[in-house]
Amino acid sequence: MKTLFRTKRLMGGVAMLPVVVAGPALAAPPAPVPYTWAGFYVGANLGGAWGRFGSSTAVDCNVPGFTPPGSFSYLCSTGFPGDGALVGATGTGSFDASGFTGGLQAGYNWQVSSVVVGLESDFGAFRLQGSRQGSGVLVDSWPGVPFTVTNTASTDWLFTFRGRVGVTVLPNLLTYVTGGLAVTRIATNTTYVDGNTLLTPVAGSYGGSAVKTGYTVGIGAEYAFANNWTVKAEYLYLNFGSVFSSGTIRDGMGLGYSQGLSTRTDLTANIARLGVNRKF
């Protein structure tokens, strides 16, 4: 009887063994932790830039002192007002520019559910350069004199400070809009030269540069491909204020013929770039 009891208990223990062994294998795997965009990040970017400079040149014959004291007005002689307006119109127009951009960025994100709000700043190269050339013939003061006006402009660096508001389309894919402050340095140059043979060719060049503050708006998408690494594609539109420069053109023989000119230059630009970020 005791032997039979031991045998049944042993068989029952053996029968329970598969259940005990199989128990951990049947447990559900832990759920993956959703990706979070919240936190500080730093990274780098590289891309292309293109834009349009606008130059507006003026010969103001009504401003006292625009022709230096002791000089004879070259484009605004009494009874011959047309040449000044002609030169101003020839030196006015827009011209395209293209180049590259690249630099470093840093930012911080806050996340509530699928909404991500952040601040980002970047600084780097912003190489845009372009020029235009216009030609005409002086028909009032010196009939038949051909002339050329050349405008050039360029930038070299860019700083932005922007807000970002986005939505996670997927846990690791963020689409966003961005906008804020944009700062760059615009350098300009204007050159006038003509073929006056009665005197000597009259020529002159002037330019200037200034740090200009404008605004930027854009869109982008960012993808988290590893726990702390993301890649992004971004487009930005930028609009800056104007740079003013002025100078004087003179005859080559020193006969005293001169004239003051001024040029106002502005810039709108676009950036398309790729970037990579490391989140902490």
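Values in this document were obtained by computation on a predicted structure and should not be read as measured data. Quick note: residue numbers are just sequence positions, from 1.
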Requested in this report: Under the side chain to side chain contact (heavy atoms under 4.5 Å, CB included) rule, what do Asn277 and Gln105 come out as? Steps first, then yes or no, please.
Outcome: CA-CA 8 Å; Asn277 288 321; Gln105 73 256 352; 2.7 Å; yes
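- Taking every heavy atom of both residues into account, Gly130 and Ala97 meet most closely at N-CB, 3.9 Å.
- Within the 4.5 Å cutoff, the side chain of Arg127 has heavy atoms near those of the Asp156 side chain.
- Both Val231 and Val169 belong to a single network of hydrophobic side chains, linked directly or stepwise wherever heavy atoms of I, L, V, M, F, W or Y lie under 4.5 Å apart.
- With a 4.5 Å cut-off on side-chain heavy atoms, Leu119 and Arg162 do not count as touching.
- Classification of the Phe126-Phe240 ring pair by plane angle, with boundaries at 30° and 60°, yields tilted.
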Report task. Begin with the C-alpha distance, continue with both residues' side-chain angles, and end with the deciding distance and a verdict on side chain to side chain contact (heavy atoms under 4.5 Å, CB included) for Leu174 and Arg164. Result -> CA-CA 11 Å; Leu174 173 69; Arg164 299 201 313 171; 4.2 Å; yes
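- Side-chain atoms of Trp37 come within 3.5 Å of backbone N or O of Pro171 as a donor-acceptor pair.
- A donor-acceptor pair under 3.5 Å is formed between the side chain of Gln111 and the backbone N or O of Ser113.
- Side-chain contact between Leu158 and Thr160: present, with at least one pair of heavy atoms (C-beta onward) separated by less than 4.5 Å.
- For the pair Val276 and Lys232, the minimum side-chain heavy-atom distance is 4.5 Å or more.
- Side-chain contact between Trp157 and Val183: present, with at least one pair of heavy atoms (C-beta onward) separated by less than 4.5 Å.
- Taking each heavy atom of Ser245 and Gly207 in turn, the nearest pair found is CB-C, 3.7 Å.
- Between Val202 and the options Val145, Leu138, Ile249, a side-chain contact (heavy atoms from CB on, under 4.5 Å) holds for only Ile249.
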Query raised in the report: Can you list the steps and then say if Arg278 with Trp229 is a side chain to side chain contact (heavy atoms under 4.5 Å, CB included)?
Result: CA-CA 5 Å; Arg278 172 69 162 84; Trp229 290 93; 3.3 Å; yes
Query - Verdict with reasoning, Asn196 to Tyr257, per side-chain hydrogen bond (donor to acceptor under 3.5 Å, both in side chains) - result: CA-CA 12 Å; Asn196 194 323; Tyr257 286 94; over 6 Å; no
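- Within the 4.5 Å cutoff, side-chain heavy atoms of Tyr192 are placed close to those of Asp194.
- A heavy-atom distance below 4.5 Å is found between the side chains of Val87 and Phe147.
- Closest heavy-atom contact between Asn109 and Gly118: OD1-CA, 3.6 Å.
- Ring centroid separation for the pair Phe40 and Tyr108 does not come in under the 6.0 Å cut-off.
- When atom types are taken as modelled, the side chain of Thr101 and the backbone of Ala49 share no donor-acceptor pair closer than 3.5 angstrom.
- In this structure, Thr216 contributes its side chain and Leu181 its backbone to no donor-acceptor pair below 3.5 Å.
- Between the side chain of Gln259 and the main chain of Leu75, a donor-acceptor pair closer than 3.5 Å is present.
- Judged purely by atom type and a 3.5 angstrom limit, Ser258 has no side-chain atom pairing as donor or acceptor with the backbone of Arg250.
- Shown here for Phe95 and Thr152, the closest heavy-atom pair between the two residues is CZ-C, 4.3 Å.
- Among Thr263, Thr191, Thr188, the single residue meeting the side chain to side chain donor-acceptor pair (under 3.5 Å) criterion with Tyr206 is Thr263.
- At a threshold of 4.5 Å between non-hydrogen side-chain atoms, the residues Val211 and Thr184 do not count as touching.
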Query raised in the report: Between Phe53 and Asp266, is a side chain to side chain contact (heavy atoms under 4.5 Å, CB included) present by the stated rule, with each step listed?
Result: CA-CA 6 Å; Phe53 290 101; Asp266 55 49; 6.0 Å; no
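- Taking the six-membered ring where tryptophan is involved, the planes of Tyr235 and Trp50 are tilted, since the angle between them lies from 30° to 60°.
- Side-chain atoms of Thr230 never come within 3.5 Å of backbone atoms of Ala224 as a donor-acceptor pair (strictly under, hydrogens ignored).
- Remark: side-chain polar atoms of Asn151 are not paired, donor with acceptor, to backbone N or O of Thr92 under 3.5 angstrom.
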Query - Verdict with supporting geometry, Ser114 and Thr168, side-chain hydrogen bond (donor to acceptor under 3.5 Å, both in side chains) - result: CA-CA 5 Å; Ser114 62; Thr168 55; 4.6 Å; no
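- Closest approach of Ala233 to Tyr176, counting heavy atoms only: O-OH, 4.2 Å.
- Heavy-atom neighbours of Leu173 CG from other residues, nucleotides or ligands within 6.0 Å: above the threshold of 12.
- Leu86 and Val149 end up in the same hydrophobic cluster when Ile, Leu, Val, Met, Phe, Trp and Tyr side chains are linked at under 4.5 Å.
- Remark: side-chain polar atoms of Gln133 are not paired, donor with acceptor, to backbone N or O of Thr150 under 3.5 angstrom.
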